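What follows is a single structure, written as structure tokens, with notes after it.
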Amino acid sequence: MQTKITGVELRRIAMPLVAPFRTSFGVETSRDVLLVRVVTAEGEGWAECAAMSEPRYCSEYVDSAQEVLRKFLIPALPKEGTDAHGVGRVLRPFTGHRMAKAALETAVLDAQLRAAGESFGSYLGAARDRVPCGVSVGIMDSVPELLDAVAGYVDEGYVRIKLKIEPGWDVEPVRAVRERFGDDLLLQVDANAAYTLVDARQLARLDAFDLLLIEQPLANDDMVQHAELAKLLRTPICLDESIESAADAAAAISLGACSVINIKPARVGGYLEARRIHDLARAHGIPVWCGGMLETGIGRAANVALAALPGFTLPGDTSGSSRYFATDITQPFVLADGHLDVPTGPGLGVEPLPDLLDEVTSFSEWVAL
């Protein structure tokens with residue numbers, strides 16, 4: 001269903017995190033979030049751009065996303081109307097900027113589905129009405145601090161724990177968590193490309209801890225060395241930053257560079273491409289799971305819907321709202337028995353609460369079409 005877009009609001013909000021979140025590429029204490037609101041003849045649609053404030057996770061950052069949306073992507077939208085698939089086609093000539101493209105496509109899809117009265121989950125092909133949730137635990141100052149944090153998340157009911165690692169913070173924290181919480185805890189690690197193939201022997205020491213997977217151990221652009229590393233480890237390798245499209249996923253599978261894929265919709269350009277990667281991986285027997293980018297309720301709603309597709313057989317980083325924010329901008333997502341419910345309302349099934357949104361807004365601009 002094509003819809004005529006009258007304009008797009010770009011809104012920046014400042015969201016303090018309940019605790020600093022440290023990975024191998026930096027520490028975040030707050031989220032500078034870009035929200036995209038598409039206004040159409042029938043209503044509106046919302047989306048969240050997952051770009052961070054600095055270009056560390058990838059080359060995109062929130063200022064660049066806002067600029068490329070304002071200057072190039074929004075003006076490229078057809079004035080006669082379009083749908084979410086059409087957005088992808090008209091944005092294809094612009095190189096990169098997948099997170100910005102994903103936000104615009106998602107906002108149009110939200111508006112399209114709200115007008116049709118269909119939920120994200122139904123449209124994408126959700127097979128479940130709730131999804132199991134894992135939690136990502138950042139690098140800590142000490143092992144006792146890490147154990148306390150993990151104990152808190154286990155007590156909250158999270159069914160899987162992911163530990164961020166880097167050289168100097170890998171075997172010992174993983175050993176401590178495994179010894180404290182036992183072999184039944186679903187445990188995996190994420191290196192965010194902090195290692196090289198020279199570190200293969202050190203990474204092989206993690207085989208002793210029966211991990212679900214080791215995520216993105218090597219550089220984003222080096223599938224060949226990931227394939228070499230996979231031959232040296234018993235622990236399954238999962239790719240994250242390396243996978244920016246279904247074509248990348250096909251290449252990684254063909255090379256033997258991974259046996260698991262983390263699908264982050266923002267990283268691959270949107271939920272339509274994310275579904276293509278899901279379908280490809282499922283056809284090859286490769287399990288997938290849904291990664292997170294410290295999203296507010298807007299991004300979380302779409303991720304939970306995606307994680308309900310049948311090929312998502314591992315718990316994702318779809319934590320409850322309270323994991324990151326004291327107050328979310330939507331009705332909060334609350335963990336129940338280690339799961340989150342898939343929203344069933346039209347579109348995303350959630351929308352920002354106006355008073356809360358105004359409190360955290362730092363800037364907004366209107367781009368007419």
Side-chain angles (χ1 to χ4, degrees), residues 1-15 30-53 60-94 96-116 120 265-266 269-271 293 295-302 327-331 345-369:
M1 182 184 72
Q2 291 202 336
T3 184
K4 182 173 174 55
I5 299 168
T6 57
V8 180
E9 179 191 16
L10 301 175
R11 181 185 288 251
R12 296 279 282 272
I13 63 173
M15 297 289 288
S30 65
R31 289 282 285 127
D32 177 11
V33 181
L34 174 62
L35 298 179
V36 177
R37 180 175 69 97
V38 165
V39 178
T40 73
E42 293 83 20
E44 64 181 26
W46 287 89
E48 176 176 344
C49 181
M52 295 180 169
S53 57
E60 289 186 75
Y61 60 103
V62 68
D63 286 339
S64 72
Q66 183 174 336
E67 175 69 9
V68 78
L69 280 160
R70 177 203 303 116
K71 192 171 183 179
F72 297 107
L73 305 187
I74 295 170
L77 294 175
K79 290 181 170 52
E80 66 273 15
T82 188
D83 61 8
H85 286 278
V87 172
R89 287 191 295 271
V90 300
L91 299 187
R92 196 168 295 133
F94 300 102
H97 298 283
R98 288 179 174 83
M99 290 183 173
K101 290 177 179 178
L104 187 55
E105 180 186 273
T106 302
V108 171
L109 181 56
D110 184 37
Q112 172 186 327
L113 294 177
R114 286 178 191 271
F120 245 68
Y271 289 85
M293 295 290 290
E295 289 92 348
T296 72
I298 296 293
R300 197 166 306 279
T327 304
D328 209 336
I329 58 168
T330 66
Q331 289 292 340
L348 292 174
V350 302
E351 54 191 37
L353 301 171
D355 290 344
L356 291 176
L357 184 62
D358 288 343
E359 284 180 20
V360 297
T361 294
S362 57
F363 174 85
S364 69
E365 63 175 322
W366 175 256
V367 183
L369 204 60

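What you see is a predicted model, and the numbers here were worked out from it, not measured in a lab.
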Check your understanding: Do NZ/NE/NH1/NH2 and the carboxylate oxygens of Arg37 and Asp110 come within less than 4.0 Å?
Key -> no
Is the shortest side-chain heavy-atom distance between [X] and [Y] below 4.5 Å?
{"X": "Val38", "Y": "Leu104", "result": "yes"}
{"X": "His97", "Y": "Phe72", "result": "no"}
{"X": "Thr330", "Y": "Thr296", "result": "no"}
{"X": "Val360", "Y": "Val33", "result": "no"}
{"X": "Met293", "Y": "Met52", "result": "yes"}

Which atom names give the shortest non-hydrogen contact between [X] and [Y], and what distance separates them?
{"X": "Ala302", "Y": "Leu348", "result": "CB-CD2, 3.6 Å"}
{"X": "Ser53", "Y": "Val62", "result": "CA-CG1, 4.0 Å"}
{"X": "Leu10", "Y": "Leu69", "result": "CD2-CD1, 4.1 Å"}
{"X": "Ala301", "Y": "Val350", "result": "CB-CG2, 3.5 Å"}
{"X": "Thr106", "Y": "Ala102", "result": "OG1-O, 2.6 Å"}
{"X": "Arg92", "Y": "Lys101", "result": "O-NZ, 4.3 Å"}

From [X] [atom1] over to [Y] [atom2], what is the distance, rounded to the nearest 0.5 angstrom?
{"X": "Lys79", "Y": "Thr6", "atom1": "NZ", "atom2": "OG1", "result": "12.0 Å"}
{"X": "Glu67", "Y": "Leu73", "atom1": "CD", "atom2": "CG", "result": "10.5 Å"}
{"X": "Leu34", "Y": "Met99", "atom1": "CG", "atom2": "CE", "result": "12.0 Å"}
{"X": "Leu113", "Y": "Asp83", "atom1": "CG", "atom2": "CG", "result": "10.5 Å"}
{"X": "Lys71", "Y": "Phe94", "atom1": "NZ", "atom2": "CZ", "result": "11.5 Å"}
{"X": "Asp32", "Y": "Arg12", "atom1": "CG", "atom2": "CZ", "result": "4.0 Å"}

Exercise for review: Kindly indicate, with the supporting measurements, whether the criterion side chain to side chain contact (heavy atoms under 4.5 Å, CB included) is fulfilled by Thr327 and Glu359.
Suggested key: CA-CA 11 Å; Thr327 304; Glu359 284 180 20; over 6 Å; no
Exercise for review: Taking Gln112 for its side chain and Ala84 for its backbone only, find out whether a donor-acceptor pair lies under 3.5 Å.
Suggested key: yes
**Study point:** With Arg114, the side chain to side chain donor-acceptor pair (under 3.5 Å) member among Glu42, Glu351, Glu44
**Key:** Glu351
Exercise for review: Take Val39 and Glu9 through the test side chain to side chain contact (heavy atoms under 4.5 Å, CB included) and record every step on the way to the result.
Suggested key: CA-CA 8 Å; Val39 178; Glu9 179 191 16; over 6 Å; no
Exercise for review: Quick one: sort the Phe120 and Tyr271 rings into parallel, tilted or perpendicular, breaks at 30° and 60°.
Suggested key: perpendicular
